[in-house]
Number of protein chains: 2
Amino acid sequence: MPKLADHGERRAQIAEALLRIAGSKGLHAVTMRSVAAEAGFAVAVVQYYFESKEKLLFFGLQHLARRMGERVWAHVGPTGQAASPLRVVDAVLTQALPQDEESRVFHLVYTAYAVLSVTDSALATQPFMDGPNEMQAFLTDQLHKARDGGEIAARLDPEAEAAGLLAMSAGLGTSVLLGQRTADEALGVLRYHLERIAPGRFQWSP
Amino acid sequence: MPKLADHGERRAQIAEALLRIAGSKGLHAVTMRSVAAEAGFAVAVVQYYFESKEKLLFFGLQHLARRMGERVWAHVGPTGQAASPLRVVDAVLTQALPQDEESRVFHLVYTAYAVLSVTDSALATQPFMDGPNEMQAFLTDQLHKARDGGEIAARLDPEAEAAGLLAMSAGLGTSVLLGQRTADEALGVLRYHLERIAPGRFQWSP
DNA sequence: GCTTTGATAGTACACTCGTACTACCAAAGA
DNA sequence: TCTTTGGTAGTACGAGTGTACTATCAAAGC
């Protein structure tokens, strides 16, 4: 057997190249040739590790979702499980905003994929529901804990609050992407609404 | 001079065909050929009224924005200018949700255009900021009036509330598009948050 | 040392795209 | 009536696409 190549790593390399192109030139600029060139391989190599473009696109989406999940978790984890549920909620929602370039690319490509999935049956819409659903369940749980701990008012509905905040965060993220407002302005709006839920309890962060 | 054709109407016809395709098959399925076929014309006719695909796409976006504006206004107008500002706010935000097929197509195509505009300089991002900015200013104004009229608490910030509600509405709309929740569920979340702003004042509508 | 085989490279083919070009048709003005 | 001209149709071309195909290379096993 010749020089064994780590298939997983190769596929990851190619997926990264795909995301770089999709993030800079748009998802429509993702072609076998452009991805191969960006990754520094020949077209046939991309074909070798992904038998078709459809498979490549699908893997690219999975790769993106995985990286987004890791990133959010990396920011939430350190906050600690034992920490105040409100801090966790704040960390998650803040991280959901496109504040740096990497996050901006995530948002853009993810949205592009989402739009594509509506009309292209090849890209199952399942990944676009699992992630958000999981996230909403997580936030709902945190808000339940916050309510039980008396951090937020008892009249608040954790489920509806979580769903609303998540949707707001997504909407704000899109507006940042389109240049309607800056990330800081979006953060300000988000913080205002968090403050409305738990007055005086969101002033630890700068 | 031969059989005069109303250029405005022809362009509108073609734009409608474009939107039908973009709404059903996706914006990437919009080609000179597909649009011409959908409109029942030859390709050269589309070329005749739009000198290039770029111009066609741009006009399609303008046409969409115009129709969306008309639709929202048609629902807000009857509510009356003299009516309660909260009713106007409710009407606008409700209408911003994709509840019927036409609205669903609006959301989808608009989002597709928005995503495209981020990476394609040909599609100016201006239209995606003017509309939302105008809408936010309008809602902010209504909330100011509501606050002055004592319909909402004085501690609320009209600007931040308007921005948040609009972002939430957009985010909820996207989630409906992706099938994460139904339009009714999204409406429920939205109504919950309106109710939070002005308790007991959003129970007129079914 | 030779063969096998996983990995990479180059190329060709069928297809679709946007666009340019020419031809045709029919109504209005001379 | 004949010519001009706005509108419509058909077609051809170059560029770019996904994919199949073959060739080449290099390391592992005999």
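Because only heavy atoms are used, hydrogens play no part in the values below, and waters and symmetry mates are left out as well, while side chains stay in.
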Margin query: Please determine whether a side-chain nitrogen or oxygen atom of A:Tyr49 lies at a distance below 4.0 Å from atom OP1 or OP2 of C:dT8.
Written below: yes
Note to self: With heavy-atom distances below 4.5 Å as the criterion, would you say the side chains of A:Leu123 and A:Glu54 are in contact?
What the structure shows: no
Margin query: With nearest nucleotide decided by heavy atoms, which residue, B:Asp6 or B:Val43, maps closer to the 5′ end of DNA chain D?
Written below: B:Asp6
Checklist line | Parallel, tilted or perpendicular: rings of A:Phe50 and A:Phe59 (30°, 60°) | finding: tilted
Margin query: By nearest atom, which of the nucleotides D:dG7, C:dT8, C:dG18 is closest to the B:Thr31 side chain?
Written below: C:dG18
Next item on the list: Could you check whether A:His28 gets within reach of a base, just the sugar-phosphate, or nothing at all, counting any heavy atom under 4.0 Å?
Entry: nothing
Next item on the list: Let me know the distance between CD of B:Glu54 and C1' of C:dC17, rounded to the nearest Å.
Entry: 15 Å
Item checked: Nucleotide nearest B:Val45 (side chain, heavy atoms from C-beta), chosen from D:dA9, D:dT19, D:dC21 -> D:dA9
Next item on the list: Among C:dA9, C:dG18, D:dG10, find the nucleotide with the atom closest to the side chain of B:Ala44.
Entry: D:dG10
Checklist line | Close aromatic pair by centroid cut-off 6.0 Å: B:Phe128 and B:Tyr110 | finding: yes
Checklist line | Side-chain (B:His107) to main-chain (B:Val176) donor-acceptor, under 3.5 angstrom | finding: no
Notebook entry, point to check: What integer distance in Å separates A:Met32:CE from D:dA15:P?
Noted result: 23 Å
Next item on the list: May I have the distance from B:Ile14 (atom CD1) to D:dT8 (atom P), rounded to whole angstrom?
Entry: 8 Å
Checklist line | Side chain B:Thr94, main chain B:Ala91, donor-acceptor under 3.5 Å | finding: no
Margin query: Whole angstroms only, please: what is the CD-P distance between A:Gln47 and D:dT17?
Written below: 14 Å
Check: Can you check whether A:His7 has a side-chain N or O nearer than 4.0 Å to OP1 or OP2 of C:dG6?
Finding: no
Check: Does A:Arg33 get its side chain close enough to the base of D:dG16, under 3.5 Å, for a donor-acceptor pair?
Finding: no
Margin query: Below the 4.0 Å mark, does C:dT8 have OP1 or OP2 next to a side-chain nitrogen or oxygen of A:Arg10?
Written below: yes
Notebook entry, point to check: Between B:Arg11 (CZ) and D:dG7 (C1'), how many Å, whole number?
Noted result: 15 Å
Check: Of the nucleotides D:dG18, D:dC21, C:dA7, which one has an atom closest to the side chain of A:Ala5?
Finding: C:dA7
Margin query: Rounded to whole Å, please give me the gap between OH in A:Tyr48 and C1' in D:dC21.
Written below: 16 Å
Item checked: From D:dA9, C:dG6, D:dT19, nucleotide with atom closest to B:Ala42 side chain -> D:dA9
Check: Where the side chain of A:Lys53 is defined as all heavy atoms beyond and including C-beta, which of C:dG18, D:dG18, C:dA7 is the nearest nucleotide?
Finding: D:dG18
